[in-house]
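Report on one structure; see the data block that follows.
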Amino acid sequence: MKYKKPMNLEASLDGRIDHCLWCSKKVETRTSWQSFISNASHQYLCFSCKSLLQPLPKNCCVRCSRPLSIGGEHVECLDCRRWREKDNMGDTLEHNLSLYVYNESAKELISRWKYRGDAILALIFRTELRRLYLQKYWDHLPIPIPISDKRMLERGFNQSELLLSFLLEPLSLVEKLSMILTRMKGKKREEIPPAASSMLLRLMDEKKQSKKTRYERMMATENPFRVNTKCSSTIKAKNIVLLDDIYTTGSTLRRAATELKSHGARSVRAITLFRGS
Amino acid sequence: MISIRFVHVFKPSLNSTICLPETCSKESMEVIRGPSVISSLPQLPLPDSDHSTGSFNDPLYHSIQNKLYGKELLLNELEVTWEDLHPLLESGIVSIRSGLLPLNKTFRCHRCYTDNPKMFGRAPCSSCGSLCTYCRHCIMMGKISTCTPLLRWNGPSPVNSPHPHLKWEGTLTKGQLKAAQALKDSIEKEQELLIWAVCGAGKTEILFPGLQFALSKKKRVLVTSPRTDVVLELMPRMQKAFPNIPINGLYGGGTKKDPPASLVIATTHQTMRFTDTFDVVVIDEVDAFPFHADDSLLHAVYKSKKNKASIIYLTATPSEDIKQRVANEDLSSVVIPRRFHGHPLPVPRFQWSGSWQKDLNHMRLPKSLQKWCAHRIENGIPALLFVPTIEILEKVTSILKRKNPHIQGVHSKDIKRHQKVSEFREGVVPLLVTTTILERGITIPGVDVAVLGSEDNIFTESALVQIAGRAGRSSSKPHGDVVFFHFGKTKAMKKACQHIVKMNRREEGK
């Protein structure tokens, strides 16, 4: 099956990107063998803007990537335990991996990207997101968290779908090579149906998650997500990886996961760009 | 998904073609082009302003008039729907044009006037259902993409300005008077003028007579400066001088929404929203960032003026191209080489301080600078220390803080910046370390100024002249020490020094 043609994001009309997408200053690019072979490692941020994105620390909850103050391996944070013990079913979301800490700079970035509508800022995460996906979830079916129609009209795009478009791009030579070297070699890639972006629907138009309190978020009972009835067969017995921008309490992802599981998904994991704490 | 498409319709009653959203067009109308995405429709000629037809007396009309007069705004900035606007669109009082104008391979943004292909992004858009180009340069003011229309007001003006009473009881010096007269003349003749006045010449006072003249002729005046700090400082001074004139003060983060006034004081970014409305535009510090680096902003300021208008450039350090224009007699100019108190400008001293970066790495200051700082702190002389970068600023501040914990550092990304500067004014902070952010617009009586690493590229001739101009600004303490600590003199340093000496000589020669 043919993959859906990736959505185009262009950061410059003349086809050359030598400026930082965040501060617009010129970026010095070093020509290396890797840059010669693949374009995936393109620098979209200048050095000082890149340092504003703070990678997650070593001490993290093994399940939700929450930065923890106490050390130790294989520690599960309190929230995750609560989620696990909340229903008898256990936690519907098995795992969340985030790229960066949700700090002040990330907040600014998200606000410009999502709320101001600077869609191409998504490119900043392209390389890292692809790497994570290829290393860990190559055999999973990626599904972006949908937004409601009303939000779609307001914003003009769904940020998670932009992230999905990066994962659907064909493999570059370097990526193929590194795939052979890693464990993912033998695993077969899930076939991604052309309508991957509309497999999950968001029906209700609720208050923005970011405007709710922590309690409101965790206690909400109604599930705004529905599996698209046309796609319910594709989900059955699949390992799924959800894509979203921020993980704060994890309730959005968990509600999506519950809906997917009730339609027969085998497991649901998530990749998020930022982990709030 | 709904797509907003537009049509060009011929209106016999106006005898012209107007642009309407598809949803507002009726079958009886004579559609010339469309429906189509707005940027793919050809540009219609801009209607004449002040063509007022029909009378509307509902509150919506007045609220739209107040928000839109003299500006170009997005639909959501106006907070109305197309249905609300429909009667105004049909009568030609409000017109629509595309936010982005296609130019052979790139676009031009009609708000910020950028046409740099690097400042545009292209992404899928659900409102027009295709790939859509948008301007990233002014995105923080609301997204303008190829499917976004800009609305403009062509109806009568809501500005009603009383006769201005100038309540300022100072006297102008000879130099100031000369400049004020030249300003008045060029306002009358709608010409351009450069006022080249040294730092501390009293530029604001020069404006008063000219502004009074312009306001009494019912002209609309814009005073624009690249910096918010300058706008905040100018506002109360202007209001005090013209107590019966309403003033619009516009700056990033400002929330006041007054009806449009005849005197507008705004940052350059805020002037991007205006179009064809000002008769007099005063550009303060034309050479300063962001004009300097960013050509589009200057065009955006030009866009805010009427076709026939006078532009006044105010600066202490004109750029080369402006000087060239003066030399070609393309631009008339008036020079005020002397400060309002009549004392000469302090001339900077050069002090070699060796490899000061190495010293900083060893957590110490170069000896000469250390002595200089210690002397100011002991004698209670306020001191400003300029450094090239934020990283160096942090190092220097931490070194100095060990000697005196009250010493502070400020830079553009500092949230407490305004508080620290006002503490410095009050004398709580004895010495303030700063990046070039404070090179302009700050007046502290009796301050001494030093630059560490004045050989850095960031310290251009104009930056150094401005920095030196911080010292000796008040008439009670007209002298001040200015030192450039360097590791090798640069052309810019020498030129800055020559510039100041020349200005001082110019006055003596007369």
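Below, all heavy atoms of this structure are taken into account, side chains as well, without hydrogens, waters or symmetry copies. Throughout, protein chains are lettered first and strands after them, A, B, ... in sequence-line order, and every chain is numbered starting at 1.
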So, the part of A/L123 with a heavy atom under 4.5 Å from chain B: the answer is neither
Under a 3.5 Å distance rule, please check whether B/D456 uses its side chain to pair with a backbone N or O of B/G453 as donor and acceptor.
no
- Query: So, B/E77 and B/K71, do they make that salt bridge, N to O below 4.0 Å?
  - Reply: no
The interface call for B/S145 against chain A, heavy-atom contacts under 4.5 Å, is neither
Okay, side chain of B/H110, backbone of B/S98: is any donor-acceptor separation there less than 3.5 Å?
yes
Whatever's closer than 4.5 Å to a heavy atom in chain A on B/M140 counts as both
**Under 3.5 Å donor-acceptor, B/R227 side chain and B/L438 backbone** = no
So, the part of B/Y134 with a heavy atom under 4.5 Å from chain A: the answer is side chain
